[in-house]
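What you see is a predicted model, and the numbers here were worked out from it, not measured in a lab. Order of the sequence lines sets the chain letters (A, B, ...), proteins ahead of strands, with each chain counted from 1.
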Protein chains: 2
Amino acid sequence: MEITESNTTESSILNAAKGIFQRKGMAAARMQEIADEAGINKSMLHYYYRSKQLLFEAVFKSAFSTLAPQLNEIINADNSLFDKIINFTQNYITFIVKHPYLPNFIIQELNRNPEFARKLFSEKMPNIDKFRKQIENDVTNGLIKPINAEQLFINILALNVFPFVGAPLIKGFLNIDDKDFLKLMHERKIEVSDFIINAIKI
Amino acid sequence: MEITESNTTESSILNAAKGIFQRKGMAAARMQEIADEAGINKSMLHYYYRSKQLLFEAVFKSAFSTLAPQLNEIINADNSLFDKIINFTQNYITFIVKHPYLPNFIIQELNRNPEFARKLFSEKMPNIDKFRKQIENDVTNGLIKPINAEQLFINILALNVFPFVGAPLIKGFLNIDDKDFLKLMHERKIEVSDFIINAIKI
DNA sequence: ATTTAGTTCAACCAAATGGTTGACAAATGT
DNA sequence: ACATTTGTCAACCATTTGGTTGAACTAAAT
């Protein structure tokens with residue numbers, strides 16, 4: 001196997017699979033459709049990835065290993081709480097605007113397959129002790145109102161992740177089109193961190 | 001057709017379909033599995049609902065018409081903003097704890113089928129003018145900090161809806177089991193409204 | 001008692017779908 | 001040059017899956 005510029009067929013399969021799986025989910029995705037989008041024969045999918053399940057797992061792991069480190073920033077970065085919130089919000093929204101199907105895809109498949117979810121997290125268990133200590137310290141030092149670290153973590157995640165996962169719901173209720181939605185998301189890069197900081201600062 | 005206690009077969013089909021569709025989604029759901037769960041022959045599904053698509057739509061509409069009015073409370077209820085936030089948070093979380101698959105199901109299928117989503121909302125278009133006026137008034141009267149009505153609506157939705165949609169992600173990152181998760185959700189009935197009110201009150 | 005309409009199911013069916021095979025071409029090593 | 005490995009595809013295959021059919025059974029209506 002040449003390491004030069006990794007097999008072009010294999011990578012075009014993976015790219016096509018990413019597109020289809022992330023838009024349609026495992027169950028609704030069709031191997032033929034992936035082959036068509038990759039511009040190759042269906043046999044090639046099996047030649048490189050053996051089965052639909054394995055191809056799916058390759059796509060899922062790639063997606064998850066892209067998203068997880070971003071969320072880990074909240075609990076593991078070294079900066080102050082407010083900087084952490086400001087940076088995460090800015091970075092995450094910027095990133096997801098470019099990959100709008102990612103969070104929904106991951107959440108969807110984790111919901112469908114709790115086994116897989118548990119296995120995934122047991123391999124490399126995140127640890128929020130550091131984050132919890134930081135919150136407790138800031139509370140003790142009178143920097144922020146008393147709040148549970150878990151609840152704050154959920155709130156940060158919710159305010160940043162939900163708008164993309166629930167996009168159709170939001171577009172429907174606010175009766176806005178894609179362009180206006182995107183504008184709202186750009187505003188949220190500062191809107192959300194302001195909101196969180198206002199909620200907890202003394 | 002007797003109106004007495006609405007056909008027991010038909011309703012047991014609908015109940016089984018709700019369970020399967022909401023847990024697995026349209027694509028992964030199997031007609032045979034629904035029939036098994038309903039304890040009847042597969043032909044009965046088609047006898048009462050013609051096709052998988054129509055059965056799915058019956059389930060989806062039932063789910064959506066349960067959830068939508070709750071969200072409408074935010075934009076249409078008559079009470080003050082703070083009361084609105086307190087009531088909605090309390091009611092919504094209490095309700096969803098009893099129907100944990102609902103929000104994910106609806107969001108999932110809206111994402112998969114943007115056509116359907118657009119049609120759904122064009123039938124009975126929600127209108128946030130009233131809510132927008134309320135926010136603008138409260139801002140003018142110095143009750144709350146300046147904030148865009150759309151952004152506040154998204155934030156309220158996010159903080160309440162996301163934890164259930166993203167449950168596996170949260171359980172994974174916080175490394176907690178179902179029992180602890182449920183405890184966190186119960187705490188959120190007051191936690192979330194406090195958080196929102198703190199974020200916007202002057 | 002007989003018709004009629006509604007209900008239920010076992011057995012089928014056609015299409016779709018994930019996966020396999022075998023032949024063949026294109027590199028790659030010797 | 002030759003042999004071996006690797007890549008590619010058209011044609012198949014087995015199974016699953018949504019959907020149909022026709023016969024039997026029930027219960028009310030005539």
Side-chain angles (χ1 to χ4, degrees), chain A residues 1-63 105 108-109 112-113 115-116, chain B residues 1-63 105 108-109 112-113 115-116:
Chain A
M1 170 157 326
E2 290 300 326
I3 314 189
T4 48
E5 220 321 295
S6 74
N7 195 319
T8 182
T9 300
E10 182 167 358
S11 67
S12 71
I13 288 176
L14 194 62
N15 281 333
K18 277 182 187 170
I20 304 289
F21 275 132
Q22 292 184 12
R23 256 178 291 132
K24 306 203 160 191
M26 164 71 167
R30 298 289 160 241
M31 293 296 267
Q32 186 60 59
E33 199 180 357
I34 295 173
D36 290 347
E37 183 142 320
I40 44 88
N41 188 284
K42 188 159 63 86
S43 302
M44 288 293 94
L45 303 184
H46 295 95
Y47 180 74
Y48 284 100
Y49 292 92
R50 283 191 59 85
S51 70
K52 185 185 185 183
Q53 179 63 28
L54 288 176
L55 177 54
F56 169 79
E57 282 175 22
V59 169
F60 185 88
K61 276 170 187 159
S62 161
F105 170 64
Q108 192 46 37
E109 299 301 336
R112 293 267 172 278
N113 198 340
E115 283 312 304
F116 194 40
Chain B
M1 169 159 325
E2 290 301 324
I3 314 192
T4 48
E5 221 319 297
S6 74
N7 195 318
T8 182
T9 300
E10 183 167 358
S11 67
S12 71
I13 288 176
L14 194 62
N15 282 334
K18 276 181 188 170
I20 304 289
F21 275 133
Q22 292 184 13
R23 255 179 291 133
K24 306 204 159 190
M26 164 71 166
R30 297 288 159 244
M31 294 296 267
Q32 186 60 58
E33 200 180 357
I34 294 172
D36 290 347
E37 183 143 322
I40 44 87
N41 188 284
K42 185 159 65 84
S43 302
M44 289 293 93
L45 303 183
H46 295 95
Y47 179 73
Y48 283 102
Y49 292 93
R50 283 190 59 85
S51 71
K52 185 184 186 185
Q53 179 63 28
L54 288 176
L55 177 55
F56 169 78
E57 283 175 21
V59 169
F60 185 87
K61 276 170 188 160
S62 161
F105 170 64
Q108 192 47 36
E109 299 301 337
R112 294 267 173 278
N113 199 340
E115 284 311 306
F116 194 40

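- With respect to the salt-bridge test (charged N to carboxylate O, under 4.0 angstrom), the residues E37(A) and R23(A) qualify.
- M44(A) comes within contact range of at least one nucleobase, with a heavy-atom separation under 4.0 Å.
- As a whole-Å value, the separation of I13(A) CD1 from dG19(C) P is 14 Å.
- Between the C1' atom of dG19(C) and the CG atom of L54(A) lies a distance of 13 Å, rounded to the nearest Å.
- When the C1' atom of dT16(D) is taken as reference, atom NZ of K24(B) falls 14 Å away, rounded to whole Å.
- In this structure, R30(A) and K24(A) have side chains that are not in contact, with every pair of non-hydrogen atoms separated by 4.5 Å or more.
- Donor-acceptor pairing under 3.5 Å, judged by distance alone, is absent between the side chain of K52(A) and the base of dG19(C).
- For K52(A) (side chain) and M26(A) (main-chain N/O), a donor-acceptor pair under 3.5 Å exists by modelled atom type.
- Distances from the side chain of S51(A) to the nucleotides dG19(D), dG19(C), dG6(C) place dG19(C) closest.
- In this structure, R50(B) places its CZ atom 16 Å from P of dT7(C), rounding to the nearest Å.
- Proximity note for Y48(A) (side chain, C-beta onward) versus dT8(D), dG19(D), dT8(C): the nearest is dT8(D).
- A donor and an acceptor atom, one from each side chain of D36(A) and Q32(A), are located under 3.5 Å apart.
- One can find a donor-acceptor pair under 3.5 Å joining the base of dT20(D) and the side-chain atoms of S43(B).
- Within 4.0 Å (heavy atoms only), A27(B) reaches no atom of the nucleic acid at all.
- N113(B) contributes atom CG, which lies 7.5 Å from atom CZ of F56(B) (distance to the nearest 0.5 angstrom).
- For I40(B), taking side-chain heavy atoms from C-beta onward, the closest of the listed nucleotides dG18(D), dC9(C), dC9(D) is dC9(C).
- Dashed line: the shortest gap from a side-chain N or O of R30(B) to OP1 or OP2 of dT16(D) is not under 4.0 Å.
- Within 4.0 Å (heavy atoms only), L45(B) reaches no atom of the nucleic acid at all.
- Atom pair K42(A):NZ and dA11(D):C1' shows a separation of 11 Å (rounding to whole Å applied).
- Between Q32(B) atom CD and dG19(D) atom P there is a gap of 13 Å when expressed in whole angstrom units.
- Within 4.0 Å (heavy atoms only), A35(B) reaches no atom of the nucleic acid at all.
- Per the geometry, CD belonging to E33(B) stands 14 Å off P belonging to dT16(D), to the nearest Å.
- Distance H46(A) NE2 to dG7(D) C1': 16 Å, rounded to the nearest Å.
- Considering only side-chain atoms of N41(A), the nucleotide from dG19(C), dT8(D), dA10(D) that sits closest is dA10(D).
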